[in-house]
Amino acid sequence: MLRCLLPFCLGLLSACASLPPPAPVSASAESFALSGRLSLRQGEMRHHVGISWRHEPARDEIFVSGPLGQGLAELTRDATGARLLTADRKVVTAPDWESLAERALGARLPLSNLPHWVVAVPPAPTFDVDGWRIEVREVADGRPALIELRRDDIEAVLRIDSWAP
């Protein structure tokens, strides 16, 4: 299941990461934590996972969990590089997010700008990026709360349940 789930999660992140730059954000938005749920559908295949993300300028930690809270994957990024730890304890390392995606998935994905985008609403509620149709369906406190992404027969819905400084 993780082999199918991880490409979708990284695909979702890549879609968000390559969006146009957001409006300027206050310095207090440099560090944040969010938790939410991600629903993925491709044809008849459906996955629902939880996401907890802690971002600081020098470090990111993303924990992906199953519907019952069991850990599926952990992604980290810091000055030493990027790492993916799977539920079966396999580790993939790389110098950065893009190289990690290339090693894990065989495709280089532009992930480094994701923290800057997710803290502010994009300039338009619906737009297309790299073949993805992205729609910010709900906004709470000036930040995206419900985001839908579609590409070909893939649909992803990210519900951000909570934010913390």
Atom pair [atom1]/[atom2] of [X] and [Y] - distance to nearest 0.5 Å:
| X | Y | atom1 | atom2 | answer |
| --- | --- | --- | --- | --- |
| I62 | R54 | CD1 | CZ | 13.0 Å |
| L85 | L72 | CG | CG | 11.5 Å |
| R133 | F127 | CZ | CZ | 9.5 Å |
| I134 | I147 | CD1 | CD1 | 8.5 Å |
| L34 | W163 | CG | CH2 | 5.0 Å |

- Partners passing side-chain hydrogen bond (donor to acceptor under 3.5 Å, both in side chains) against R137 (at least two apart in sequence or in another chain):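 Result, side-chain hydrogen bond (donor to acceptor under 3.5 Å, both in side chains) vs R137: E135, E148.
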- Item | side-chain hydrogen bond (donor to acceptor under 3.5 Å, both in side chains) partners for R77, two or more places apart |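 Only D60 meet the side-chain hydrogen bond (donor to acceptor under 3.5 Å, both in side chains) criterion with R77.
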- Item | L40 vs R46 side-chain heavy atoms within contact, under 4.5 Å |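 Not in contact.
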For the residue pair [X] and [Y], what are the closest heavy atoms and their distance?
| X | Y | value |
| --- | --- | --- |
| S31 | P57 | OG-CD, 3.4 Å |
| A156 | L38 | CB-CD1, 4.3 Å |
| G36 | D161 | CA-OD2, 3.6 Å |

- Side chains of S35 and S52: do they bring a donor and an acceptor to under 3.5 Å?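 On atom types as modelled, these side chains do not qualify, holding no pair under 3.5 Å.
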- Go through the steps to decide whether V157 and L146 satisfy the test side chain to side chain contact (heavy atoms under 4.5 Å, CB included), and finish with yes or no. CA-CA 7 Å; V157 178; L146 180 65; 3.5 Å; yes
- Task: Could I get the full list of salt bridge (charged side-chain N to carboxylate O under 4.0 Å, His left out) partners for R83, not counting sequence neighbours?
- Result: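 Listed in chain order: D78.
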- Passing option when S39 is tested against H48, R159, E155 for side-chain hydrogen bond (donor to acceptor under 3.5 Å, both in side chains):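 Testing S39 for a side-chain hydrogen bond (donor to acceptor under 3.5 Å, both in side chains) against H48, R159, E155 leaves exactly one candidate, H48.
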- Query: Can you check side chain to side chain contact (heavy atoms under 4.5 Å, CB included) on W53 and F63, steps first, answer last?
  - Reply: CA-CA 6 Å; W53 179 13; F63 183 73; over 6 Å; no
- Take L84 and T93, measure what side chain to side chain contact (heavy atoms under 4.5 Å, CB included) needs, and give me the verdict at the end. CA-CA 6 Å; L84 165 67; T93 61; over 6 Å; no
